[in-house]
There are 2 protein chains.
Amino acid sequence: MTIPGGDKRVTLADVAKLAGVSKQTVSRVVNGSAHVTEDTRERVLHCIETLGFRPSALARQLSTGRSQTIGVVSNGGQGYLVTGVAYLGMVRQADRMGYALLIKEMVDFSAGSVRAMLDFLIERQVDGVIWAGPEIGDSHAWLDDFDLASLPMPLVAINAKARPGVDTVSFDNFEAGRLATRHLLSLGRRNIGHISGPANRWVTQQRVEGWRAALAEAGLPEAGRNLVEGDWDVTSGGPGLRRLREICPQLDAVFVGSDRMAIGVLAEAHRLGLRVPEDIAVMGVDNQPESAFLIPPLTSMTQDTPRMAEVALRLLVRRICERRGEPYPEACAIPESPVLYHDLVVRASTLCSKSPTR
Amino acid sequence: MTIPGGDKRVTLADVAKLAGVSKQTVSRVVNGSAHVTEDTRERVLHCIETLGFRPSALARQLSTGRSQTIGVVSNGGQGYLVTGVAYLGMVRQADRMGYALLIKEMVDFSAGSVRAMLDFLIERQVDGVIWAGPEIGDSHAWLDDFDLASLPMPLVAINAKARPGVDTVSFDNFEAGRLATRHLLSLGRRNIGHISGPANRWVTQQRVEGWRAALAEAGLPEAGRNLVEGDWDVTSGGPGLRRLREICPQLDAVFVGSDRMAIGVLAEAHRLGLRVPEDIAVMGVDNQPESAFLIPPLTSMTQDTPRMAEVALRLLVRRICERRGEPYPEACAIPESPVLYHDLVVRASTLCSKSPTR
DNA sequence: CTGAAAGCGCTTACAG
DNA sequence: CTGAAAGCGCTTACAG
């Protein structure tokens with residue numbers, strides 16, 4: 001089996017000459033235009049097959065001005081798991097809608113880097129951008145004083161603070177923190193600590209606020225001191241637990257910012273001879289597939305990251321179509337700034353029952 | 001802050017007109033040609049800045065015939081974790097070498113799908129392809145009777161059987177299986193079972209053979225029956241262990257094909273009241289960051305997937321340059337079909353010592 | 001050092 | 001239904 005077209009590119013013109021028609025007609029056949037005789041269509045198709053003609057997407061893109069490509073900007077440094085899963089949602093949705101994904105990674109989020117990245121995407125003429133880097137401190141501030149309408153293409157930011165004039169698709173991390181904490185409170189825990197993600201992240205800050213809100217609701221505002229910063233990674237779980245117990249010796253529950261860190265917490269609790277959940281209840285966020293199989297099975301919050309990515313892509317396609325004044329596919333009728341919610345999944349690491357909740 | 005160029009694209013010609021030079025000269029400045037007076041260069045640069053000119057990568061690609069884009073074909077269905085990590089290695093290396101990554105996903109690996117995927121990549125005129133889909137049964141057979149030289153661009157297959165005429169970058173999974181089994185044998189285990197990945201995968205088959213080879217070396221060929229098929233996923237670990245114990249009641253060790261499945265095995269062993277490793281030694285493959293923090297810490301085999309991806313990309317760039325008769329960067333001096341090896345990391349799940357190996 | 005011309009491979013109006 | 005012309009925005013020889 002040989003794929004033709006190895007030596008020299010076969011072009012529209014080649015097919016046209018062989019078929020004895022104009023390039024225009026070949027183009028019509030390729031693009032499925034109705035205005036072609038069945039007769040000539042077949043002849044052209046035959047010639048295409050014979051020559052192994054494959055239209056140059058590049059040439060088409062240049063003349064139509066649309067690249068059918070979406071740029072995805074992420075940072076893979078941390079949280080690669082989330083990124084990996086998110087890619088899945090995007091790649092599939094993009095495929096379905098006829099777009100390809102151009103992947104770029106940011107190393108830092110300085111103004112210069114952001115600008116260089118945008119320049120790159122403009123030069124490549126992507127039809128739209130999914131901005132999936134983490135919102136670090138004010139790193140997305142440029143989104144604020146940025147006239148996004150002046151960008152040649154629409155942009156949708158993932159898991160970023162909603163702002164007027166910028167499309168975002170995010171989880172409600174405040175609500176997640178509050179829900180998690182309410183769960184622990186409902187079990188009678190009163191000394192609830194929190195091991196958060198990196199403190200400069202918007203996601204982290206939202207969850208901390210939710211956690212504190214729930215504590216305040218329960219009349220335990222002072223418990224809001226029981227906070228330790230982690231880095232999402234398993235290695236920061238154990239040290240986090242130790243520090244929390246120094247701050248609060250009566251600690252009886254930990255809301256951990258990620259299942260990965262929670263694994264470290266479980267290991268450390270085991271090492272310290274603490275029973276989970278009898279002595280200390282532990283819960284995470286992410287609900288990774290493995291979490292149901294830890295010892296004990298871990299209570300967690302499901303976060304449908306692929307869905308977030310998919311929704312973002314749909315919204316982006318809607319924006320792309322709108323800018324061009326074209327109708328957008330029904331699947332893209334996504335509201336302005338959609339918010340997704342976590343689901344609480346309760347397992348034995350918080351529930352003192354002997355019956356497995358798995 | 002406003003990014004210019006929103007309304008209508010600024011072109012070379014616009015800059016040329018404003019600067020009072022030819023398009024050709026502007027092109028020279030943009031591409032850093034030496035043959036430009038410092039004087040005119042500055043003037044042109046100024047005009048570029050003023051107009052916010054950004055060269056169209058599309059137009060350049062069309063005229064140069066190179067897209068500076070590499071197509072990555074993967075299946076994200078299973079093993080997204082590995083894929084996610086692999087992306088990291090590729091994205092970074094690609095960035096460094098001035099390439100962007102175009103991500104595509106295969107749903108099935110039928111001949112038709114493969115062909116369609118290749119057609120897509122040809123149409124997009126990617127400079128090269130990384131084929132990262134799993135090698136399922138004969139799904140890569142097309143690589144054999146395929147005149148790859150007839151493809152317009154070079155292709156490197158990741159984790160696929162080495163074949164003459166096809167570039168591959170793989171782990172030595174046979175050696176991995178053998179090494180793992182030898183480790184268990186060295187601990188005095190004799191009834192060693194294996195929970196493999198999907199049986200139709202090349203990777204799986206290699207590991208099974210390595211496992212059997214080690215058993216045969218030890219004079220225990222009949223233990224090769226203690227094989228159960230898993231699906232890489234945590235959920236198949238528990239059932240796998242139960243089936244193995246039915247097949248071989250004296251089972252005293254399990255070589256598990258992935259750390260994720262091993263987590264399921266540990267959970268099930270715990271449920272059954274089996275002590276790990278006293279009653280049964282358990283080890284996995286992948287050495288995920290979490291594995292050191294399981295209860296007990298899991299012996300595993302480190303697999304440097306980002307490195308594999310990076311090496312593949314370098315080799316690909318080498319091929320791209322070679323085809324064009326250009327010298328390739330030193331970093332791309334990768335040998336023909338590089339093979340990577342797993343490292344054995346021994347932890348408490350196989351070693352009956354009380355001192356933590358973490 | 002600088003420029004006019006042709007070309008990369010398509011598509012988009014506009015005629016016929 | 002079909003075709004000739006111009007254009008998308010660059011680069012590549014070739015002159016001067």
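Order of the sequence lines fixes the chain letters, A, B, ..., with proteins taken first and strands second; residue numbering starts at 1 for each chain. Since this is a predicted model, take the numbers as computed values, not measurements.
Residue-level contact check: B/Val21 touches the backbone only, with heavy atoms under 4.0 Å from sugar-phosphate atoms and none from bases.
One can place CG of A/Leu62 at 14 Å from C1' of D/dA6, the figure rounded to the nearest angstrom. Summarising the geometry, the separation between CG on A/Asp14 and P on C/dC8 is reported as 10 Å, rounded to the nearest angstrom. B/Lys17 has its NZ atom 17 Å from the C1' atom of C/dG3, to the nearest Å. With rounding to whole Å, A/Gln61 atom CD is found 17 Å from C/dT12 atom C1'. Atom C1' of nucleotide C/dG3 and atom CG of B/Leu12 are separated by 14 Å, given to the nearest angstrom. In this entry the distance linking CZ of A/Arg60 with C1' of C/dT11 reads 9 Å, nearest Å. A straight line from CZ of B/Arg66 to P of D/dT11 spans 12 Å, rounded to a whole angstrom.
For the pair A/Arg54 (side chain) and B/Glu123 (backbone), a donor-acceptor distance under 3.5 Å is absent. Checking side-chain atoms of B/Ser27 against main-chain N and O of B/Lys23 turns up no donor-acceptor pair under 3.5 Å. Within the 3.5 Å criterion, the main-chain N or O of B/Gly98 finds a donor-acceptor partner in the side chain of B/Gln68. Under a 3.5 Å cut-off, the side chain of A/Ser170 and the backbone N or O of A/Ala160 do form a donor-acceptor pair. Checking side-chain atoms of A/Asp127 against main-chain N and O of A/Ile70 turns up no donor-acceptor pair under 3.5 Å. Between the side chain of B/Thr64 and the main chain of B/Arg66, a donor-acceptor pair closer than 3.5 Å is present.
Taking both residues in full, the closest heavy atoms of B/Pro154 and B/Leu316 are given as O-CD1, 3.6 Å, listed atom of the first, atom of the second, then distance. Here the closest non-hydrogen pair linking A/Val29 and A/Arg41 is CG2-CA, 4.1 Å. B/Met153 and B/Val129 get closest at one heavy-atom pair: CG-CG2, 4.0 Å.
Within residues 37-46 of chain A, no residue is approached by DNA chain C to less than 4.0 Å at the level of any non-hydrogen atom.
Between B/Ser22 and C/dG3 there is a side-chain N or O to OP1 or OP2 distance below 4.0 Å. Close to C/dT11, at under 4.0 Å from its OP1 or OP2, lies a side-chain N or O of A/Ser27.
Applying the side-chain contact (heavy atoms from CB on, under 4.5 Å) criterion to B/Asp14, with sequence neighbours excluded, gives B/Val10, B/Thr11, B/Leu51.
Nearest-nucleotide assignment on DNA chain C puts the 5′-proximal partner with B/Lys23, out of A/Asn31 and B/Lys23. Nearest-nucleotide positions on DNA chain C for A/Ser56 and B/Thr25 put B/Thr25 closer to the 5' end.
A donor-acceptor contact under 3.5 Å links the side chain of A/Arg28 to the base of D/dG3.
The side chain of A/Gln24 has D/dG3 as its nearest neighbour among D/dG9, D/dC10, D/dG3. With C/dT11, D/dT2, C/dC10 as the candidates, the nucleotide lying closest to the side chain of A/Phe53 is C/dC10.
DNA chain D forms stems at C:1-3 with D:14-16, C:5-12 with D:5-12, C:14-16 with D:1-3, each a run of 3 or more consecutive Watson-Crick or G-U wobble pairs whose two key distances fall under 3.5 Å.
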